[in-house]
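The next block holds one structure in the form of structure tokens; read it before the comments.
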Amino acid sequence: MATIHHHHLPLLHNPTPPAFKPKILCKNSKNDAAFEEKKSGFVDYDKGIHHVSTQVSGIRKDQIPQRYRIRVQGDRFQKDWSVSQVVQKVLELDHKSDDIEGLLNRWVGRFARKNFPLLIKEITQKGSIEHSILVFQWMKNQRNYCARTDIYNMMIRLHARHNWTDQARGLFFEMQKWRCKPDAETCNALINAHGRSGQWRWAMNIMEDMLQKAIPPSRSTYNNLINACGSSGNWREALKLCKKMTENGVGPDLVTHNIILSAYKTGAQYEKALSYFELMKGTNIRPDTTTLNIMIYCLTKLGQYEKAIGIFKSMREKRAECHPDVVTFTSIIHLYSVNGQIENCRAVFSTMVAEGLKPNIVSYNTLMGAYASHGMNKEALSVFNAIKNSGLRPDVVSYTSLLNSYGRSQQPKKAREVFEMMKRDKLKPNLVSYNAMIDAYGSNGLLAEAVEVLREMEQDGIYPNAVSICTLLAACGRCSRKVNIDVVLQAAERRHIKLNTIAYNSAIGSYMNVGEFEKATSMYRSMRKSKVIPDAVTFTVLISGCCKMSKYCEALEFLSEMMDLKIPMTKEAYSSVICAYSKQASALTKYASLLIYRKWKEISFLLLFDIC
């Protein structure tokens, strides 16, 4: 009895027919068995490894149409392989030099059209995009090939995983030329592809096109679109979509909430993330490990370390619903690193290993970064060797952290050796690597070598940023080179590098170190003119620099401006102001009254008390 299927059916049983005509499928027990997945496993208890593989037979020689069966009957070159065997043999070939098309032309199963979706599914799941493209091109050249929406969906998803956005979009237009009608799954895959590459506006256009074609968006569609906006830092647009999603009757789920929290995290809206989390608690949706990991990250950024550690401890309780994973432990290691508690970093790392979690490269790099920030090169080297012993390959971040540890421990030659070793291991240094190398030379007074690294990075096609300029300016100040400070600033201007607060602070500090008061104050005026907001470090450098050059009135003027901007005082600023007051007695009464007038009672009291 033949049945006509107009609706979408599972891929492994009755593949979705082309959109432009219904396909008559006859129920056949043999065909059903051909599409079933058979799983096989292998376990080596001695080595502690296991492997699970899925085998799909597909339509074999005895099931293909008779005319093709007669054609291949006496040809010894025609092989009756299963679909899984074909995929394995294709992946063993080099996609650049070997004849993949010739191999596929020897496969008897090519005469069965139903094998094509299985073939594409199997090879796309393996993740090799080059082999998948060659197989897809070969498939389109077969006489019995019929374009199908599900085949294009699988190819678009594969391109999305590899961030080949333009090619995924090209497949979208190509499938319509082949009279394949895009469905919700197609749009979801395409939105996901654009979201991964940060092209959220393209993703929005696809959504609008989807609505115009009367394709109802699913929860996955909204989640992919919200993720596209959120991953680009556009958290406001992500919130609008979440609201629109609710209005259209598609309620948000846990994935949606995690995407919104991640959008806040990417957009550095940590306070809003905490507020959203509190609102989330009022719903019936309970947070998972991913949710709590985001919360720990946001609390760390806000400096609320105790709350973050509290969440971590609650996750480790026996009756906890969410247990910590590798990301959780890595976040806590980073927390202790920022807080300067290096011993706790190692303790958390050891606990993670003891609980049976396998550290990834990010975990190792975070621990190395903690050691590097304190110049603990021996410990950093030990972690670097542990990465190799664990079977992982050190990446650029690993080498940069090791390099930085030698730079901070005043061993620039060792830092250079690590830098060259990174190149020998066929890893290209990035901007952070070059900046760490500049800092290694600059912090040890080797200005000429630091400038040479700057030239080297430009020759390698990596352009310096504000951090590069900051490091060079600080090096100039240490070496007391007045001319070089001007040269570095001119170089930044020629390269259109906009100085940030830290860069201006470095320039002002360098000028103060070499006794160039006028140029330092000129840099400060330029900073205000460029609408770059000064911070406590800016005024600390200015006030302390003025005191060193016996310009006490100017120091008090900068203090007045600091108070106008409501910038909190630092210990260094306190010391410098006390010095200025003690040296400038005539200004004491006037300025003390000014402090009282502005209701800075605590500061004025401390200053007057210290002077007395």
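With 3.5 Å as the limit, one finds no donor-acceptor pair spanning the side chains of Thr290 and Asn293. No hydrogens or angles considered: nothing links the side chains of Ser510 and Asn513 as a donor-acceptor pair under 3.5 Å. Residues Ser220 and Asn223 bring no donor and acceptor atom of their side chains to less than 3.5 Å of each other. Remark: the Asp288 side chain and the Thr291 side chain contain an N/O donor-acceptor pair separated by less than 3.5 Å. Residues Tyr511 and Asp486 bring a donor and an acceptor atom of their side chains to less than 3.5 Å of each other. A side-chain N or O of Asn465 and one of Ser468 form a donor-acceptor pair less than 3.5 Å apart.
Atom NE2 of residue His323 and atom CD of residue Glu321 lie 9.0 Å apart, to the nearest 0.5 angstrom. The CZ atom of Arg393 sits 10.0 Å away from atom NZ of Lys388, with the distance rounded to the nearest 0.5 Å. For the atom pair Lys307 NZ and Leu299 CG, the distance stands at 7.0 Å (nearest 0.5 Å). In this structure, CD1 in Ile294 is found 12.0 Å from NE2 in His257, a value given to the nearest 0.5 Å.
No donor-acceptor pair closer than 3.5 Å links the side chain of Arg408 to the backbone N or O of Asn404. Remark: side-chain polar atoms of Ser337 are not paired, donor with acceptor, to backbone N or O of Ile333 under 3.5 angstrom. Judged purely by atom type and a 3.5 angstrom limit, Asn339 has no side-chain atom pairing as donor or acceptor with the backbone of Leu335. Although no hydrogens or angles enter the test, the distance criterion places no donor-acceptor pair under 3.5 Å between the side chain of Ser262 and the main chain of Ile259. For the pair Ser530 (side chain) and Met527 (backbone), a donor-acceptor distance under 3.5 Å is absent. With hydrogens and angles ignored, the 3.5 Å screen pairs a side-chain donor or acceptor of Asn430 with a backbone N or O of Val432. Using modelled atom types, no side-chain atom of His334 and backbone atom of Thr330 make a donor-acceptor pair closer than 3.5 Å. Of the possible donor and acceptor atoms, one in the side chain of Ser232 sits under 3.5 Å from a partner among the backbone N and O of Ala228. Looking at Asn360, its side chain does come within 3.5 Å of a backbone N or O of Val362 through a donor-acceptor pair. Checked by atom type and distance alone, the side chain of Arg219 never pairs as donor or acceptor with a backbone atom of Val255 at under 3.5 Å.
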(request) Carefully, step by step, assess Thr351 and Glu355 under the rule side chain to side chain contact (heavy atoms under 4.5 Å, CB included). (result) CA-CA 6 Å; Thr351 304; Glu355 292 188 2; 3.7 Å; yes
(message) If you apply the rule side-chain hydrogen bond (donor to acceptor under 3.5 Å, both in side chains), what do you find for Asn385 with Ser382, and how did you get there?
(response) CA-CA 5 Å; Asn385 292 330; Ser382 176; over 6 Å; no
(message) Checking Leu91 against Ser128 for the side chain to side chain contact (heavy atoms under 4.5 Å, CB included) test, could you report, in this order, the C-alpha distance in whole Å, the side-chain angles of both residues, the deciding distance, and whether it holds?
(response) CA-CA 8 Å; Leu91 294 175; Ser128 176; 3.8 Å; yes
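For the pair Arg196 and Ala160, the tightest heavy-atom approach, listed with the atom from each and the gap, is CD-O, 2.9 Å. In this structure, Val396 and Ser433 approach most closely via the heavy-atom pair CG1-OG, 3.4 Å.
By the 4.0 Å N-to-carboxylate-O rule, Arg455 lies too far from Glu458 to be salt-bridged with it. In this structure, Glu92 does not pair ionically with Lys89, as no charged nitrogen and carboxylate oxygen lie closer than 4.0 Å. By the 4.0 Å N-to-carboxylate-O rule, Glu456 lies close enough to Arg416 to be salt-bridged with it.
Between His131 and His95, the two ring planes are perpendicular [angle over 60°; tilted spans 30° to 60°].
Two rings, from Tyr504 and Tyr524, have their centers 6.0 Å or more apart. Ring centroid separation for the pair Tyr336 and Tyr305 does not come in under the 6.0 Å cut-off. Between Tyr399 and Phe419, the distance separating the two ring centers is not shorter than 6.0 angstrom. Taking the centre of each ring, Tyr364 and Phe384 stay at or above the 6.0 Å mark.
Asn188 is linked by a side chain to side chain donor-acceptor pair (under 3.5 Å) to Thr221, counting only residues two or more places apart in sequence or in another chain.
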